[in-house]
Amino acid sequence: MFAIPGKSPVTLTPSAVQQIRKLMDRDGRFGLKIGVKKGGCAGMEYTMDFVDTADSNDEVVEQDGARVLIAPMAQMFLFGTEIDHETSLLESGFKFRNPNVADACGCGESIKFKDVEELSAERDAQA
C-alpha cells in the first residue's frame, strides 16, 4: 500500500500503547482499527473501533503489545502520524499528531488533509 520500507506508518506514544493494550485486554479484542471518513465542518473525521480480525488490506502496526490496524483508504492520510492518549480534568482520549493535516475545525473534531498529489510528492521525497 502506501508505505516506505522499514518505516512504520504510525507511531504510538507510551501512553497510547498503555491505553490500547488495556482496552484490547479488557475486551479480548485483536486491535484498534483507525480510518477516516467524510464529515465534520473541515471535511474529514477520524474513525476508531476495536476489531476481532484484520482485513487482508489493513496495514497492521504492532508496538509494545499494542496493535493498530489502518484501513486501506486511510493509509495515505495517516502516514507519519503520532497517536497519543491524553487525560485531563475534563476529558480523556486519543490525539492524532498528523503532518498530513492542512487545516482543522475550531472544535478539533474534523480535519482537512493536504491534496493527494502533495502527499505523494512528500512520500517520494522521504523514500
Side-chain angles (χ1 to χ4, degrees):
M1 293 311 222
F2 188 84
I4 295 176
K7 184 169 181 170
S8 180
V10 298
T11 57
L12 308 172
T13 65
S15 179
V17 166
Q18 180 181 7
Q19 185 66 15
I20 292 168
R21 286 178 52 189
K22 175 180 157 186
L23 294 171
M24 285 172 57
D25 292 345
R26 182 192 74 187
D27 298 335
R29 305 306 290 267
F30 178 74
L32 175 67
K33 186 167 186 172
I34 57 176
V36 294
K37 69 176 185 174
K38 290 183 180 184
C41 52
M44 300 290 281
E45 297 175 324
Y46 294 112
T47 62
M48 301 178 76
D49 193 23
F50 281 93
V51 295
D52 294 322
T53 60
D55 292 335
S56 61
N57 291 322
D58 287 343
E59 179 78 28
V60 179
V61 175
E62 294 191 49
Q63 185 178 320
D64 301 325
R67 188 176 298 115
V68 173
L69 299 84
I70 306 171
M73 187 183 93
Q75 291 173 14
M76 176 181 288
F77 300 108
L78 293 174
F79 193 81
T81 297
E82 178 186 67
I83 302 172
D84 192 11
H85 186 269
E86 298 176 353
T87 301
S88 71
L89 290 174
L90 297 176
E91 64 183 0
S92 176
F94 290 100
K95 304 291 182 189
F96 290 73
R97 293 185 188 96
N98 187 335
N100 307 308
V101 171
D103 197 13
C105 68
C107 66
E109 293 295 320
S110 66
I111 65 271
K112 178 181 177 190
F113 293 107
K114 298 173 184 174
D115 65 36
V116 173
E117 292 80 19
E118 187 176 355
L119 291 174
S120 292
E122 288 178 4
R123 183 210 53 180
D124 292 343
Q126 292 178 0

Original post:
How far apart are the C-alpha atoms of Met44 and Lys38, what are their side-chain angles, what is the distance that settles it, and do they pass the side chain to side chain contact (heavy atoms under 4.5 Å, CB included) test?
Top reply: CA-CA 4 Å; Met44 300 290 281; Lys38 290 183 180 184; 4.0 Å; yes
Subject >> Greater than 12 external heavy atoms within 6.0 Å of Gln63's CD >> reply: yes
**OP:** Indicate the atoms forming the closest heavy-atom contact of Gly35 with Ala74, along with that distance.
**Re:** CA-CB, 3.5 Å
**OP:** Could you give me the CA-CA distance, side-chain angles and deciding distance for Ile83 and Ile34, then say whether side chain to side chain contact (heavy atoms under 4.5 Å, CB included) is met?
**Re:** CA-CA 11 Å; Ile83 302 172; Ile34 57 176; 3.7 Å; yes
**OP:** Apply the test side chain to side chain contact (heavy atoms under 4.5 Å, CB included) to residues Tyr46 and Asn98: give CA-CA distance (whole Å), side-chain angles for both, the deciding distance (0.1 Å), then the verdict.
**Re:** CA-CA 11 Å; Tyr46 294 112; Asn98 187 335; 3.1 Å; yes
**OP:** Could you grab the distance from atom CG of Asp64 to atom CD of Gln18, nearest 0.5 Å is fine?
**Re:** 11.5 Å
Original post:
Met73: what forms a side chain to side chain contact (heavy atoms under 4.5 Å, CB included) with it, not counting sequence neighbours?
Top reply: Val36
Original post:
Who passes side chain to side chain contact (heavy atoms under 4.5 Å, CB included) against Glu62, sequence neighbours left out?
Top reply: Val60, Arg67
Subject >> Value rounded to 0.5 Å, distance of OG1 in Thr53 from CZ in Phe30 >> reply: 7.5 Å
**OP:** Mark yes or no for whether Asp84, through its side chain, and Phe96, through its backbone, hold a donor-acceptor pair below 3.5 Å.
**Re:** no
Subject >> CA sep, side-chain torsions, deciding dist, call: His85, Ser92, side chain to side chain contact (heavy atoms under 4.5 Å, CB included) >> reply: CA-CA 7 Å; His85 186 269; Ser92 176; 3.2 Å; yes
Original post:
For the atom pair OG1 (Thr13) and CZ (Phe94), what is the distance rounded to the nearest 0.5 Å?
Top reply: 9.0 Å
Subject >> Close side-chain approach of Leu69 to Val51, heavy-atom, < 4.5 Å >> reply: yes
Original post:
Just by modelled atom types, is the Met24 backbone N or O under 3.5 Å from a matching donor or acceptor in the Asp27 side chain?
Top reply: no
Original post:
Are Met48 and Ile70 joined in one hydrophobic group, where the rule is that I, L, V, M, F, W and Y side chains link up if heavy atoms are under 4.5 Å apart?
Top reply: yes
Original post:
Ser56: what forms a side chain to side chain contact (heavy atoms under 4.5 Å, CB included) with it, not counting sequence neighbours?
Top reply: none
Subject >> Exercise: identify the closest heavy-atom pair between Gly80 and Pro99 >> reply: O-CD, 3.4 Å
Original post:
Out of Val61, Leu12, Asp49, Ile20, which one pairs with Leu32 under the side chain to side chain contact (heavy atoms under 4.5 Å, CB included) rule?
Top reply: Ile20
Original post:
Are Lys33 and Asp55 within salt-bridge range, i.e. N to O under 4.0 Å?
Top reply: yes
